[in-house]
S.K.: 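Handing you a structure now.
Being a predicted model, the structure only gives us computed values, none of them experimental. The sequence lines fix the lettering, A, B, ..., with proteins before strands; numbering per chain opens at 1.
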Amino acid sequence: MLKMTDYIEELKWRGMLQDMIPGTDDFLKSGMQTGYIGFDPTSDSLHVGSLATIMLLKIFQKAGHKPIALLGGATGMIGDPSGKNTERNLLNEETIRHNVSAIKKQLEKFLDFGAAPNAAEIVNNYDWYKNMDMLHFLRDVGKHLTVNYMMAKDSVKKRLEAGISFTEFSYQLLQAYDFYWLYTHKNCRMQMGGSDQWGNITSGTELIRRKGENKPAFGIVCPLVTKADGTKFGKTETGNIWLDARLTSPYKFYQFWINASDEDATKYIRVFTLKTREEIETLEKEHQAAPHLRLLQKALAEEVTTRVHSAEAVRNAREASAILFGRATQEALGSLSEQMLLEVMEGVPQFNLAKSMFEQKLPVIDLLSEAGVFASKGEIRRLIKEGGLSINKEKISLAETHLTDQHLLQGRYLLVQRGKKNYYLVVVE
RNA sequence: GGGGAGAUACCGAAGCGGUCAAACGGGGCAGACUGUAAAUCUGUUGGCUACGCCUUCGGAGGUUCGAAUCCUCCUCUCCCCA
């Protein structure tokens, strides 16, 4: 017997409910329902920006409902104008096919596909668009929503001055039809999404209503995840944080969460973990009592990294973090086996230096410059002057410092550190 | 088509013949404080074989002992009038 919980109530305390279509609440309480979220195949990996909506689905399933993840194999070819202020370039079909299959694999990590009766499903809207011809689309879909209605949407209104192509303008019709199709074929009466999807979701419920369906459709949206300092969530100096380990190493992924500010961490732990309200509140109390332990950030990083990567990835990342940031010093570094060292350094940028160069007993500044760790010698000099350069956790205070074989970890590695958080591994061979 | 304004380092913006590798602000990086947080304060922010040298101020020429600064042409941007 399936245990149902109150989805809306849970979203509320997690701070994940921005808006909902009236009645959604009662609709969900009336029994197991099917709901969906669409994902755009604009690249071949999701990034943490999509994580909040994935969690919407995950929590939906946990609450006892049936989640459907819709991949926009067709809509991705059109381009959603929501939240965009300029027309986008179209991706070619091959790229989209590739992206769809890659994203599908990622989503499979989050949802439970074996949990009858509310097992998750993945669908691709290309399947119902590939055989549809334009006349049918215009007669069966386009006829039901007026241009006036469509133009009133924010996503369109914002673009009226700058210009919007007919193609992007039509996007909401396609998404509306997706909803209708799922409604009729999968008995799916609910759509979720980020707040930028509100317009598209209501176009869908409207289409369903005007097509003469007697049972209404529902929807909710969650707020955009933000950072307290106003910068964009999910980006770092070096770019997006991706879910794919090849694009963002598990170590870096783990560090991304560990580095969340206190203020953000209390928000994120509600959105990105499945911890209960009690667990979270207890953690917060413990965190306040001993903030330097960073319990909140650790709990957040561990759970998210486990789900996206694996428990083993977390172990490695935690170990690497302990060595790089903990009190561990040269001795700890030196005592690592080569295999451990490499595991710990996985995800840390690596540079090569010819053994012959190293043996010339050049000053450290020349060696680092040769290895290409820094952009220029001026930069290295400045860094040394400012006390921001360490090798093997030992501060370098003179540009003329010479390195000897004793500095080499396992006879061939140098751990270069810029500031507190940036590490580079130089391999001498 | 006519008239005007402008193009400076990552971005914004001063400078209008030497003292300009170029004020100031933002951003970046680092240091201090701390907790791999936030706030704050400080330093730094073209390159090099470095008390000196080289390359930079839209592009190409020119004037001058000397130009980001003056002149000529070109390219692009913005504004106003038709």
S.K.: Atom CD1 of I384(A) to atom C1' of G43(B): distance rounded to whole Å?
M.R.: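 So the two atoms are 16 Å apart, to the nearest Å.
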S.K.: Check whether any side-chain nitrogen or oxygen of N422(A) sits under 4.0 Å from OP1 or OP2 of A30(B), and answer yes or no.
M.R.: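 Answer is yes, contact under 4.0 Å.
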S.K.: With RNA chain B as reference, determine whether S321(A) or A375(A) sits nearer its 5' end, using the nearest nucleotide of each.
M.R.: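 First, find each residue's nearest nucleotide; the 5'-ward one identifies S321(A).
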S.K.: Determine the interatomic distance between C1' on U63(B) and the same-named atom on U8(B); round to the nearest Å.
M.R.: 22 Å
S.K.: What does R294(A) touch in the nucleic acid at a heavy-atom separation under 4.0 angstrom: a base, only the sugar-phosphate, or nothing?
M.R.: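 Since a base atom lies under 4.0 Å of R294(A), the category is base.
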S.K.: What interatomic distance, in whole Å, is found between C1' of A9(B) and the corresponding atom of U55(B)?
M.R.: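 Taking atom C1' in both U55(B) and A9(B), they lie 13 Å apart.
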S.K.: What integer number of Å spans the C1' atoms of C10(B) and C29(B)?
M.R.: 13 Å
S.K.: Cut-off 3.5 Å, side chains only: do T202(A) and K153(A) have a donor facing an acceptor?
M.R.: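 Yes, because at least one side-chain N or O of T202(A) sits under 3.5 Å from a partner of the opposite role on K153(A).
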S.K.: Quiz question: by atom type and distance under 3.5 Å, do the side chains of Q175(A) and S203(A) form a donor-acceptor pair?
M.R.: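 Side-chain D/A pair, Q175(A) to S203(A): absent.
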S.K.: Verify whether one side chain among D80(A) and Q197(A) offers a donor that lies under 3.5 Å from an acceptor in the other.
M.R.: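 Yes, a side-chain donor-acceptor pair sits under 3.5 Å.
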S.K.: Expressed in angstrom and rounded to an integer, what is the separation of F325(A) atom CZ from A37(B) atom C1'?
M.R.: 13 Å
S.K.: Take the protein atom NE2 of H287(A) and the nucleotide atom C1' of U36(B), then report the distance between them rounded to whole Å.
M.R.: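 Distance check: H287(A) NE2 to U36(B) C1' gives 12 Å.
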S.K.: Rounded to whole angstrom units, what separation is found between the CZ atom of R382(A) and the C1' atom of U45(B)?
M.R.: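 Computing the R382(A):CZ to U45(B):C1' distance gives 5 Å.
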S.K.: So, does the side chain of K420(A) form a donor-acceptor pair with the base of U34(B) at under 3.5 Å?
M.R.: yes
S.K.: Does a nitrogen or oxygen in the side chain of K421(A) sit under 4.0 Å from OP1 or OP2 of A37(B)?
M.R.: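 For A37(B), OP1 or OP2 has a side-chain N or O of K421(A) closer than 4.0 Å.
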S.K.: Side chains of T273(A) and W257(A): does their closest heavy-atom pair fall under 4.5 Å?
M.R.: no
S.K.: Please measure how far the C1' atom in A68(B) lies from the corresponding atom in G46(B), and state the result in whole Å.
M.R.: 16 Å
S.K.: For a quick test of reading the model, state the closest non-hydrogen atom pair linking P223(A) to M16(A) and the distance between them.
M.R.: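 Between these two residues, the closest heavy atoms are CD-C, 3.5 Å.
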S.K.: Starting at NZ of K393(A) and ending at C1' of U36(B), how long is that distance when rounded to a whole Å?
M.R.: 10 Å
S.K.: Could you measure between the two P atoms, the one in C76(B) and the one in U56(B), and give it in whole Å?
M.R.: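 It comes out at 24 Å once rounded to the nearest Å.
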S.K.: Do F272(A) and F233(A) have ring centroids that are under 6.0 Å from one another?
M.R.: yes
S.K.: Roughly how far apart, to the nearest Å, are G59(B) and C81(B) at atom C1'?
M.R.: 30 Å
S.K.: If we check ring pair (Phe, Tyr, Trp, His ring centres under 6.0 Å) with F325(A), which of these qualifies: Y423(A), Y251(A), Y254(A)?
M.R.: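 Exactly one pass, corresponding to Y423(A).
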S.K.: Counting distance only, does the side-chain N/O of D244(A) pair as donor-acceptor with the main-chain N or O of S45(A) below 3.5 Å?
M.R.: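 Answer holds: no.
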S.K.: Contact class for E379(A) (heavy atom, under 4.0 Å): base, sugar-phosphate, or nothing?
M.R.: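 Touches nothing.
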S.K.: Nearest whole angstrom, please: distance from the P of G31(B) to the NZ of K395(A).
M.R.: 6 Å
S.K.: For a quick check, tell me whether the side chain of Q255(A) and the base of U36(B) share a donor-acceptor pair closer than 3.5 Å.
M.R.: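 Looking at the base of U36(B), it does pair with a donor or acceptor on the side chain of Q255(A) (distance under 3.5 Å).
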S.K.: Can you check the distance between G12(B) and G28(B), where both ends of the measurement are the C1' atom (answer in whole Å)?
M.R.: 15 Å
S.K.: Rounded to whole angstroms, how far apart are CD1 on I380(A) and P on C48(B)?
M.R.: 8 Å
S.K.: Within a strict 4.5 Å, meaning less than it, do heavy atoms of the N259(A) and Q297(A) side chains meet?
M.R.: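 No; the side chains remain at least 4.5 Å from each other.
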S.K.: Report the glycosidic orientation of C24(B): syn if within 90° of 0, anti in every other case.
M.R.: anti
S.K.: Would you say CD of E263(A) has more than 12 non-hydrogen atoms from neighbouring residues, nucleotides or ligands within 6.0 angstrom?
M.R.: no
S.K.: Starting at the 5' end of RNA chain B, what dot-bracket string do you get if Watson-Crick and G-U pairs under 3.5 Å are bracketed, crossing pairs use [ ], other-strand pairs use | and unpaired bases use dots?
M.R.: ((((((((.[[[..)..(.....]]]((((((.......))))))(((...)))...[[[[[..)....]]]]]))))))).
S.K.: Over all strands shown, is I258(A) touching base, sugar-phosphate only, or nothing at heavy-atom distances under 4.0 angstrom?
M.R.: base
S.K.: Which nucleotides of nucleotides 50-57 of chain B have their base under 4.0 Å from a protein heavy atom (B), which only their sugar-phosphate (S), and which neither (-), written as one string 5' to 3'?
M.R.: B-------
S.K.: Might you point out which heavy atoms bring L283(A) and K275(A) nearest each other, and give the distance in Å?
M.R.: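 Scanning both residues completely, I find the closest heavy atoms to be CD1-CD, 3.9 Å.
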S.K.: What is the distance, to the nearest angstrom, from the OH atom on Y268(A) to the P atom on A38(B)?
M.R.: 11 Å
